[in-house]
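Since this is a predicted model, take the numbers as computed values, not measurements.
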Amino acid sequence: MFTPVNVFAAILTLIPYLSFAFCSDTTRQRIQALPAPLRLLLPSALSLPYLLITLAASSFHWYWFCLYTLLPIAIALLLQQARQLDPGQTGNWRDYLVLLTLGLAVDLRWFEPAWPPHLAVFNKIILLNAGIYGFLFIRELNGVGFNLRLNLRDLRIGLREWALYTPIVIALGLSLSFLHFHPHWPRLSQLAGAYLFTFLFIAVPEELFFRGWLQNLLERRIGRTQALLLTSALFGLSHFNKRALHFNWRYVLLAAIAGIFYGRAWRQDRRVGASAITHTMVDTLWSIWFR
């Protein structure tokens with residue numbers, strides 16, 4: 001799994017993600033300096049990790065390569081049109097089509113058969129990169145708050161919402177037999193590793209999608225409270241197939257309630273980092289002590 005090719009592909013996949021997260025202003029300036037046609041074609045480069053990994057594993061298929069090449073371009077084109085037709089950023093059907101496509105592709109694992117065993121995680125980050133590029137640098141959607149240079153206020157807000165939600169989820173989760181307490185203290189390295197992995201590869205992608213993009217757009221259409229509740233409900237429903245072969249209503253319920261607190265954390269200062277802290281604390285607590 002940790003072959004030189006796979007490691008190099010991982011670096012190629014993480015460079016856009018981390019550049020967008022930590023150097024967004026510099027990255028935006030460089031992208032905007034490019035000719036317009038090149039800006040729209042640039043995300044096709046996101047297919048390179050697929051090309052490298054599958055050629056090395058002898059599992060390359062032209063179908064998947066074309067999909068990973070053309071889908072990011074299609075997203076950029078749709079969001080370019082949305083930018084032109086909806087300068088007030090109140091939400092265009094193209095915005096929601098992109099979100100629906102990305103959300104279902106990840107949640108239902110449509111593209112994961114493209115990858116060799118245990119490497120489907122690349123799919124999620126590639127699609128995330130395509131969404132970030134489209135919404136932040138083509139659509140230029142404002143109020144997203146995707147900046148992972150965290151500050152103390154992010155930490156305070158994130159921990160506050162976690163502290164408010166934790167008694168609810170523990171009481172409700174135990175009563176529904178969804179949570180099961182495992183009394184042990186993990187090694188510090190295990191705890192830190194679980195937190196960092198969850199933050200970067202679970203919490204931030206989900207918070208960016210549901211809060212930075214979806215809740216952000218819905219607020220402009222239906223108001224803050226309605227957007228918070230609707231986004232939380234959709235967030236809960238996105239967990240219907242987790243840890244179960246059929247509709248996992250317990251997971252949906254607890255995730256929907258969690259979504260309210262994640263949404264509150266994001267909308268306080270419109271910072272993905274704050275809600276990602278809440279999300280990460282909840283998931284880390286669950287994965288180590290209550291899974």
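A donor atom on one side chain and an acceptor atom on the other are found under 3.5 Å apart for Asn92 and Arg94.
Between the Gln89 side chain and the Arg220 main chain, no donor and acceptor come within less than 3.5 Å of each other. Side-chain atoms of Asn147 come within 3.5 Å of backbone N or O of Arg149 as a donor-acceptor pair. Without hydrogens or angle criteria, Arg221 side chain to Thr90 main chain gives a donor-acceptor distance under 3.5 Å. Using modelled atom types, one side-chain atom of Ser275 and one backbone atom of Val272 make a donor-acceptor pair closer than 3.5 Å. Without hydrogens or angle criteria, Trp266 side chain to Val144 main chain gives a donor-acceptor distance under 3.5 Å. Between the Arg83 side chain and the Glu140 main chain, no donor and acceptor come within less than 3.5 Å of each other. Between the side chain of Thr26 and the main chain of Cys23, no donor-acceptor pair closer than 3.5 Å is present. For the pair Lys124 (side chain) and Phe201 (backbone), a donor-acceptor distance under 3.5 Å is present. A donor-acceptor pair is defined here as one N or O able to donate and one able to accept, closer than 3.5 Å; such a pair exists between the side chain of Ser44 and the backbone of Leu41.
In terms of hydrophobic clustering, with Ile, Leu, Val, Met, Phe, Trp and Tyr side chains grouped at heavy-atom distances under 4.5 Å, Leu85 and Leu99 are assigned to different clusters. Criterion: ILVMFWY side-chain heavy atoms under 4.5 Å apart, direct or through other members. Under it, Ile132 and Leu100 are part of a common hydrophobic cluster. Placement of Leu155 and Ile157 in two distinct hydrophobic clusters is found when ILVMFWY residues are connected by side-chain heavy-atom separations under 4.5 Å, directly or transitively. Hydrophobic clustering (ILVMFWY, side-chain heavy atoms < 4.5 Å, transitive): Ile288 and Leu188 are in distinct clusters.
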Can you give me every donor-acceptor pair (side chain of residues 106-117, partner residue at least two apart or in another chain, under 3.5 Å) with its distance?
residue : atom : partner : partner atom : Å
Asp107  : OD1  : Lys242  : NZ           : 2.7
Trp115  : NE1  : Tyr68   : OH           : 2.8

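A centroid separation of less than 6.0 Å is found between the aromatic rings of Trp62 and Phe65. Outside the 6.0 Å centre-distance limit, the rings of Phe20 and Phe146 are not counted as a close aromatic pair.
Separation of atoms CZ (Phe135) and CG (Asn216) is listed at 9.5 Å; rounding is to 0.5 Å. Rounding to the nearest 0.5 Å gives a distance of 8.5 Å between CG of Leu128 and CG of Leu102. Distance check: Thr284 OG1 to Trp289 CH2 gives 8.5 Å after rounding to the nearest 0.5 Å.
Of all the heavy atoms in Leu40 and Ala76, the pair that sits closest is CD2-O, 3.9 Å. The two atoms that bring Pro49 and Leu12 nearest to each other are CG-CB, 4.3 Å, heavy atoms only.
The aromatic rings of Phe235 and Phe210 stand perpendicular to each other, their planes meeting at an angle above 60°, with 30° marking the opposite boundary. Below 30°, between 30° and 60°, or above 60°: for Phe60 and Tyr50 the angle between ring planes is between 30° and 60°, a tilted geometry.
Counting non-hydrogen atoms of other residues, nucleotides and ligands closer than 6.0 Å to CG of Leu38 gives a total above 12. No more than 12 heavy atoms of other residues, nucleotides or ligands sit less than 6.0 Å from atom CZ of Phe8.
Side chains of His180 and Phe290 form no contact here, defined as non-hydrogen atoms less than 4.5 Å apart.
For Asp86, the salt bridge (charged side-chain N to carboxylate O under 4.0 Å, His left out) partners at least two apart in sequence or on another chain are Arg139. When the salt bridge (charged side-chain N to carboxylate O under 4.0 Å, His left out) test is applied to Arg270, the partners found at least two apart in sequence or on another chain are Glu219.
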